[in-house]
Amino acid sequence: MSNLHKIVIVGGGAGGLELATQLGNTLGKSNKAKITLVDQKLTHIWKPLLHEIAAGTLNPHAEETNYFAHASKHYYEFVLGSFIEIDRATKQIVLETTHLSKPDPIQKNIRLDYDTLIIAVGSTSNDFNTEGVKQHCHFLDSRKQADVFQQDLLHLYLEAQNHETTRALNIAIIGAGATGIELAAELFQAKQTFFKYGLNKIDPKNVTIAVIEAADRILPALSETIAQHSSHQLAQFGIRVLTQHRVAKVDADKVYFADGSAIDAELKVWAAGIKAPAVLEKLTGFEKDNIHRLKVYATLQTLSDPNIFAFGDCAHCQPTADETVLGPRAQVASQQASFLVGAMKARIQGKSQPMFKFSDKGSLVSLSHNKAVGELLGQVNVQGFLAKSMYVSLYRLHQAAIHGYAHAGLLTAKNFVTRKTGPKIKLH
Ligand SMILES: Cc1cc2nc3c(=O)[nH]c(=O)nc-3n(C[C@H](O)[C@H](O)[C@H](O)COP(=O)(O)OP(=O)(O)OC[C@H]3O[C@@H](n4cnc5c(N)ncnc54)[C@H](O)[C@@H]3O)c2cc1C
């Protein structure tokens, strides 16, 4: 058995896959450590694309990365399984694996040894136990959920084609953070494209898209300026914005508010807040915050175990006392992944652990295919096509981090051709 230091990363998302790639290409390739990545899925898709997949304006198959194939090129091992537990006494994690043998799938638990464990399992939507949300709302936490929404939307249009008369469609998005706003703008684009392609029994004029927010303005985590520019653009799209509206209940046809009023909504998406995945909620012996994120020091080591790190959406990280807790953003996960490469090198050389510093490069909100608004370095306002190009370049940087610049360049070219030649919306 190898004496190499075993680094196990759980979660191959925006942060975890960048980390596995960079550690594989350095410590893995030079045989200084054994790098293992665990994920519950076979393929990676960058989470900030999910609203485009849901609206059908992006083909997910073109954007997926298969973990096994990727691992074989980047000197790490991939293990498919769902992380369910940590045995800190034996330094092992427990994974639930499913073998699809006929006639019944077999569930089996396996154990993986670690010297250093890095948890990057992301986050899921927080419905705050609001009545009816689980049963009647869509969520955008995974590729599968985005696909389900896309199929439901498409089938509403296909079904409407069988009728003589046109019909209306009411969509409600609960939560006016970046996810909710970006989805609303994408759905505005989708409704025009369906009509253009002849699916005309749902007239765009009869499609209402409402974005609902409990706070007194949209994009509460971003600056006032970005919120104002976005509001203006949403108004131009005819998207209804309901701020200071706290959702009390949802059923099959309506969204009900705390003040007793309600709006009609056939399709509903819950995008109001996050919490750590259920596996972290169940984990015992760790310090967590009120949404079950693991509390970490500025070294990204958990407060409870120096051999266990956490980063990205699932970590509660406040690098210094005068900073706020870092938000659930791809930018944070990506910077922490790069930081952990250096931290892991220091660790296996027995050096002291460095401290993570977050450098906020700004925020961009995509408002459909050729528009975005944002603020760079907290000061410079960008809008329109320039902002959209910068927004797209964030994804290109992620692709470069996991595939290298040459490969990412080819993917950009392929994407350009596909977008130019293919339909503007997924119709299957
Ligand atoms: C629609 C949408 C739009 C967004 N837009 C932006 C944006 O414009 N800019 C921005 O900065 N951020 C954006 N975000 C937020 C961003 O996607 C997250 O902050 C980022 O993905 C966090 O990265 P992560 O690595 O922590 O987690 P994730 O990227 O969510 O990855 C988590 C990984 O862990 C795996 N996993 C989970 N549980 C287990 C388990 N038990 N066992 C094994 N594997 C597991 C998952 O399969 C997944 O691969 C958006 C999010 C959404 C939903």
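The residues of the chain are indexed from 1 along the displayed sequence. One-based numbering, in listed order, for ligands and for the atoms of each. Any value given below was found using the heavy atoms of this structure, including those in side chains, with hydrogens, waters and symmetry copies removed. Source: prediction; values computed, not measured.
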Protein heavy-atom partner closest to atom 26 (O) of ligand 1 - residue, atom, separation in Å
Asp313 N, 2.9 Å
Under 3.5 Å donor-acceptor, Lys357 side chain and Met355 backbone
no
Do any N/O atoms on Gly15 end up under 3.5 angstrom from N/O atoms on ligand 1?
yes
Is the closest heavy atom of Pro277 to ligand 1 under 4.0 Å?
no
What do you reckon, are the aromatic ring centroids of His398 and His403 less than 6.0 Å apart?
no
Counting heavy atoms only, which part of Trp46 comes closer than 4.0 Å to ligand 1: side chain, backbone, both or neither?
neither
Do Asp87 side-chain atoms and Lys91 backbone N/O form a donor-acceptor pair below 3.5 Å?
no
Is there a nitrogen or oxygen of Asp39 sitting under 3.5 Å from a nitrogen or oxygen of ligand 1?
yes
Given Gly16, Ala14, Ala271, Ala276, identify the one with the heavy atom nearest to atom 29 (O) of ligand 1.
Ala14
Looking at every heavy atom in both Leu294 and Lys288, which two are closest together, and how far apart are they?
CD2-CG, 4.0 Å
N/O to N/O below 3.5 Å, does that happen between Ala330 and ligand 1?
yes
So for ligand 1, is Ser123 a polar contact partner (N or O within less than 3.5 Å, distance only)?
no
Heavy-atom pair with the smallest gap, counting every atom of Asp127 and Lys134
OD2-NZ, 2.9 Å
How far is atom 36 (N) of ligand 1 from its nearest protein heavy atom, and which residue and atom is that?
Gln40 NE2, 3.5 Å
Answer side chain, backbone, both or neither: which part of Tyr67 comes under 4.0 Å from ligand 1, heavy atoms only.
side chain
Within less than 4.0 angstrom of ligand 1, does Ala178 place any heavy atom?
no
Checking contacts here: is it the side chain or the backbone of Ala333 that comes within 4.0 Å of ligand 1, counting heavy atoms only? Could be both or neither.
side chain
Among all protein heavy atoms, pick out the one at the shortest distance from atom 50 (C) of ligand 1; state its residue, atom name and that distance to 0.1 Å.
Pro48 CA, 3.9 Å
Specify the protein heavy atom at minimum distance from atom 34 (O) of ligand 1: its residue, its atom name, and the distance to 0.1 Å.
Gly11 CA, 3.3 Å
Out of curiosity, is Gly81 lining ligand 1, as in a heavy atom under 4.0 Å away?
yes
Quick look: His44 vs ligand 1, heavy-atom contacts under 4.0 Å, and the answer is neither
Give the numbers and elements of all ligand 1 atoms closer than 4.0 Å to a heavy atom of Pro328.
15 (C), 19 (O)
Under 4.0 angstrom from ligand 1, any heavy atom of Cys314?
no
Using the rule given for side chain to side chain donor-acceptor pair (under 3.5 Å), can you reason through Thr320 versus Glu323, listing the C-alpha separation, both sets of side-chain angles and the distance that settles it, and then say yes or no?
CA-CA 5 Å; Thr320 56; Glu323 279 174 89; 2.6 Å; yes
For atom 31 (O) of ligand 1, grab the closest protein heavy atom and report residue, atom and distance to one decimal in Å.
Gly13 CA, 3.1 Å
With side chain to side chain donor-acceptor pair (under 3.5 Å) as the criterion, how do Thr243 and Glu213 come out once you've worked through the C-alpha distance, each side chain's angles and the decisive distance to 0.1 Å?
CA-CA 5 Å; Thr243 51; Glu213 172 60 53; over 6 Å; no
Using atom types as modelled and distance alone, determine if a side-chain donor or acceptor of Ser334 lies under 3.5 Å from a backbone N or O of Ala330.
no
Within a distance under 4.0 Å of any heavy atom of Gly122, pick out the atoms of ligand 1 and give their elements.
26 (O), 27 (O), 30 (O), 32 (C)
Does Phe83, backbone or side chain, put an N or O under 3.5 Å from an N or O of ligand 1?
yes
Pair Glu64-Thr43, side chain to side chain donor-acceptor pair (under 3.5 Å): steps then yes or no:
CA-CA 6 Å; Glu64 286 178 306; Thr43 56; 3.2 Å; yes
Measure from NZ or CZ of Arg396 to the centre of the six-membered ring of Tyr405 and say whether it is under 6.0 Å with the direction within 45° of the ring axis.
no
Any protein heavy-atom neighbour for atom 9 (N) of ligand 1 (distance below 4.0 angstrom)?
no
Would you say Leu95 and Ile84 make side-chain contact, with heavy atoms under 4.5 Å?
no
